[in-house]
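To start, the structure under review is shown below, and the notes come after it.
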Amino acid sequence: MSSAEQERAEAESMPSDDVVGVLLKQHARIRDLFQAVRSGPADEREERFRELRALLAVHETAEEMIVRPAAKKAAGEREAAARNEEEKEANKVLAELEKLEFGSEKFADMLADFEQSVSDHAEHEEQEEFPALRTRLSQEDRTKMGKRLLAVEKTAPTHPHPTAAGSPALQWTMGPFASVLDRARDAVSSTGK
């Protein structure tokens, strides 16, 4: 069974809005999208990358805003800080990837390294952060967090913003403004195709 299949199976065993289950499903989708960008039909790869970029941007923002404060209490400050630092670095790399010519050798090399980093980050969350959330938070609290996370994702930025990444406080203050700009940018670029 692949990691994506394992993540989906574990998520299916939880209530639909459980924050851990929501994140596991997203981790599985992220893995699927990396695969599609790497080896999907050639005419769909660039679109899958745009989908991956948007999902990673909203996913990481929502984690920093909703999950990290609870993880800081449940798993410890060191754990939360390590995950925020990984997300900050991922945001920088994603911003660089977005600037490169899609499909170039440099893009492919950077994407491969980035995929490994994202996979490592997800594994840290799944092995260290999520068990602490499941142990120390009630099902009711995890369900509330899941609903809040999904609500935040609906309005989160869809492009990387390295200056705010890794800081829940900056995500709360800058995120809404960045999101408006990102979503306008996405709307304009999608109508030009």
Side-chain angles (χ1 to χ4, degrees), residues 3 6-7 10-11 14 17-31 34 52-98 110-179 182:
S3 293
Q6 291 169 336
E7 289 161 341
E10 188 176 348
M14 299 177 201
D17 287 332
D18 182 297
V19 70
V20 173
V22 169
L23 294 172
L24 286 168
K25 287 177 194 170
Q26 290 179 359
H27 286 179
R29 181 65 183 144
I30 289 165
R31 290 181 198 280
F34 270 116
L52 174 65
R53 183 250 317 135
L55 177 55
L56 283 168
V58 299
H59 174 86
E60 300 299 350
T61 297
E63 279 186 334
E64 289 176 24
M65 294 170 73
I66 303 302
V67 177
R68 237 14 65 63
K72 189 175 180 180
K73 292 176 186 171
E77 192 166 328
R78 178 182 263 158
E79 176 64 24
R83 298 300 73 80
N84 278 342
E85 189 57 38
E86 290 167 357
E87 288 171 356
K88 184 175 186 173
E89 184 58 33
N91 215 282
K92 290 177 188 175
V93 175
L94 191 56
E96 284 300 313
L97 277 166
E98 197 172 30
M110 188 179 278
L111 182 71
D113 291 342
F114 182 57
E115 181 177 8
Q116 185 59 56
S117 296
V118 169
S119 180
D120 291 346
H121 171 75
E123 287 178 28
H124 284 294
E125 288 178 336
E126 292 171 15
Q127 294 171 5
E128 299 161 27
E129 202 171 50
F130 294 178
L133 293 172
R134 291 183 79 182
T135 301
R136 295 196 171 88
L137 297 177
S138 69
Q139 181 60 65
E140 181 180 349
D141 288 341
R142 289 193 317 272
T143 298
K144 285 179 187 175
M145 279 180 65
K147 289 178 180 179
R148 287 179 60 217
L149 181 115
L150 291 169
V152 164
E153 286 183 341
K154 288 179 183 174
T155 59
T158 59
H159 292 265
H161 294 277
T163 51
S167 170
L170 284 176
Q171 294 288 13
W172 280 105
T173 55
M174 293 176 58
F177 301 106
S179 179
D182 287 355

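On a predicted model such as this, the values are computed, not experimentally measured, just so you know.
Looking at Glu87 and His121, their side chains do bring a donor and an acceptor atom within 3.5 Å of each other. Checking Asn84 against Glu64 by side-chain atom types alone, no donor-acceptor pair falls below 3.5 Å. Inspection of the Glu7 and Gln26 side chains reveals no N or O donor paired with an N or O acceptor under 3.5 Å.
Note that the CG atom of Leu150 and the CZ atom of Arg148 stand 12.0 Å from one another [nearest 0.5 Å]. Separating the CD atom in Glu89 from the CZ atom in Phe114 is a distance of 9.5 Å, to the nearest 0.5 Å. For the atom pair NE2 of His59 and CD1 of Ile30, the computed distance is 4.5 Å after rounding to the nearest 0.5 Å. Leu149 CG to Lys144 NZ: the interatomic distance, rounded to the nearest 0.5 Å, is 16.0 Å. Expressed to the nearest 0.5 Å, how far OG of Ser3 lies from NE2 of His27 amounts to 11.5 Å. Here the CG-CG distance, from Asn91 to Leu56, works out to 9.5 Å after rounding to the nearest 0.5 Å.
Minimum interatomic distance between Ala11 and Gly21 (heavy atoms only, all atoms of both residues): CB-O, 3.4 Å. Closest approach of Ala57 to Thr61, counting heavy atoms only: O-OG1, 2.8 Å. The minimum heavy-atom distance linking Pro157 with Val58 is given by the pair O-CG1, 3.2 Å. Heavy-atom minimum distance, Ala70 versus Leu137: CB-CD1, 4.3 Å. Listed here is the closest heavy atom pair of Pro131 and Glu126: CD-O, 3.2 Å. In this structure, Arg53 and Thr158 approach most closely via the heavy-atom pair NH1-O, 2.5 Å.
Between the Glu129 side chain and the Ala71 main chain, no donor and acceptor come within less than 3.5 Å of each other. Side chain of Arg142 to backbone of Val19: no donor-acceptor contact under 3.5 angstrom is found.
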(message) Please evaluate residues Gln139 and Met14 with respect to the criterion side-chain contact (heavy atoms from CB on, under 4.5 Å), reporting the C-alpha separation (whole Å), side-chain torsions for both, the decisive distance (0.1 Å), and the verdict.
(response) CA-CA 9 Å; Gln139 181 60 65; Met14 299 177 201; 5.8 Å; no
(request) Please test Glu96 against Met110 for side-chain contact (heavy atoms from CB on, under 4.5 Å), starting from the C-alpha separation and ending with a verdict. (result) CA-CA 9 Å; Glu96 284 300 313; Met110 188 179 278; 3.9 Å; yes
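Under a cut-off of 6.0 angstrom, the local environment of NZ in Lys25 is crowded, with over 12 non-hydrogen atoms contributed by other residues, nucleotides or ligands.
The pair Glu79-Arg83 meets the salt-bridge criterion, with a side-chain N (NZ, NE, NH1 or NH2) lying under 4.0 Å from an Asp/Glu carboxylate O. For Arg31 and Glu115, the salt-bridge test fails: no basic side-chain N is under 4.0 Å from an acidic carboxylate O. Salt-bridge annotation for Glu85 and Lys88: absent, with no side-chain N of the basic residue lying under 4.0 Å from a carboxylate O of the acidic one. Classification of Glu125 and Arg68 as a salt-bridged pair holds, one side-chain N sitting under 4.0 Å from a carboxylate O.
Separation of the Phe130 and His124 ring centroids does not fall under the 6.0 Å cut-off.
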